[in-house]
Amino acid sequence: MKGKMKANRLRQVVSDILPVDVHCSQPVAPDSLPSTGADCLVSCFCLESVSPDLPAFTRALGHIGKLLHPGGHLMLIGALGESYYFGGPGVRIPVVPLNEAQVCESLRETGYTLIRLEVYTLPQDMRVGVDDVTGVFFVKAKKD
């Protein structure tokens with residue numbers, strides 16, 4: 001019953017779901033967002049998972065930055081040191097392995113000001129074999 005109540009509440013507050021292609025210079029369909037841009041974007045474990053290398057990750061940050069108005073915020077959560085994860089039995093999905101310095105430099109190159117960066121290093125007992133991630137980063141940044 002509680003799950004059904006949560007699902008109904010979610011349906012009341014979510015007005016639309018937008019397809020996003022972070023590798024396109026215009027990642028969402030025209031007129032999907034207000035012409036002034038979004039106030040905030042949130043991305044969790046996505047950009048590094050869909051980017052084949054560091055330059056593609058950096059370009060993706062730049063592309064989604066176009067969706068923000070100047071001064072808008074980006075909340076970014078991602079994996080550090082991860083080169084793959086298993087998407088199912090025998091399905092190994094490549095990931096661009098990032099370190100803290102690369103994340104910070106990519107943000108700077110694409111017009112963000114880093115407000116806060118937190119890093120969590122995974123202890124060995126949390127590394128369960130579904131990936132080779134060494135840590136997680138949490139970023140709050142502002143679009144210049």
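Here the structure is a predicted model, which is why all the values come from computation and not from measurement. Values reported hereafter were calculated over all heavy atoms of this structure, with side chains retained and with hydrogens, waters and symmetry mates removed.
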About how many Å separate [atom2] of [Y] and [atom1] of [X], when rounded to the nearest 0.5 Å?
X    : Y    : atom1 : atom2 : value
M75  : I115 : CE    : CD1   : 8.5 Å
L98  : T134 : CG    : OG1   : 10.0 Å
L41  : L74  : CG    : CG    : 6.5 Å
Q102 : F57  : CD    : CZ    : 9.0 Å
I77  : E48  : CD1   : CD    : 10.5 Å
K66  : C24  : NZ    : SG    : 10.0 Å

Is there a donor-acceptor pair under 3.5 Å between the side chain of [X] and the backbone N or O of [Y]?
X    : Y   : answer
D132 : S83 : yes
Y112 : G65 : yes
H69  : P34 : no

Do [X] and [Y] have side chains that get closer than 4.5 Å, going by heavy atoms?
X    : Y    : result
V133 : L122 : yes
N99  : V103 : no
P27  : H63  : yes
P55  : R59  : yes
R9   : Q12  : yes
Y85  : S49  : yes
R116 : V139 : no
S106 : L54  : yes

> For L18 and S32, what are the C-alpha separation, side-chain angles and deciding distance, and is it a side-chain contact (heavy atoms from CB on, under 4.5 Å)?
Replying inline: CA-CA 8 Å; L18 303 175; S32 296; 4.0 Å; yes

Of all the heavy-atom pairs spanning [X] and [Y], show the shortest one and how long it is.
X    : Y    : result
S51  : V96  : O-CB, 3.5 Å
Q26  : A29  : NE2-C, 3.9 Å
V28  : P19  : CG1-O, 3.7 Å
L107 : A141 : CD2-CB, 4.4 Å

> Given the rule in the side-chain contact (heavy atoms from CB on, under 4.5 Å) test, do F86 and V91 qualify, once you have shown the distances and angles that lead to the verdict?
Replying inline: CA-CA 5 Å; F86 287 112; V91 180; 6.0 Å; no

If two hydrophobic side chains count as joined below 4.5 Å and joins carry through other members, does [X] share a cluster with [Y]?
X    : Y    : answer
F137 : F45  : no
V95  : V119 : no
I17  : L10  : yes

>> Between L61 and L76, does the side-chain contact (heavy atoms from CB on, under 4.5 Å) criterion hold? Intermediate values first, please.
In response: CA-CA 10 Å; L61 275 173; L76 186 63; 4.0 Å; yes

> Can you find a side-chain donor-acceptor pair between D39 and H73 that sits under 3.5 Å?
Replying inline: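 Side-chain D/A pair, D39 to H73: absent.
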
> Does CG belonging to N8 count more than 12 external heavy atoms closer than 6.0 Å?
Replying inline: yes

>> Apply side-chain contact (heavy atoms from CB on, under 4.5 Å) to residues L47 and I64 and explain how you reach the verdict.
In response: CA-CA 10 Å; L47 298 184; I64 65 170; 3.9 Å; yes

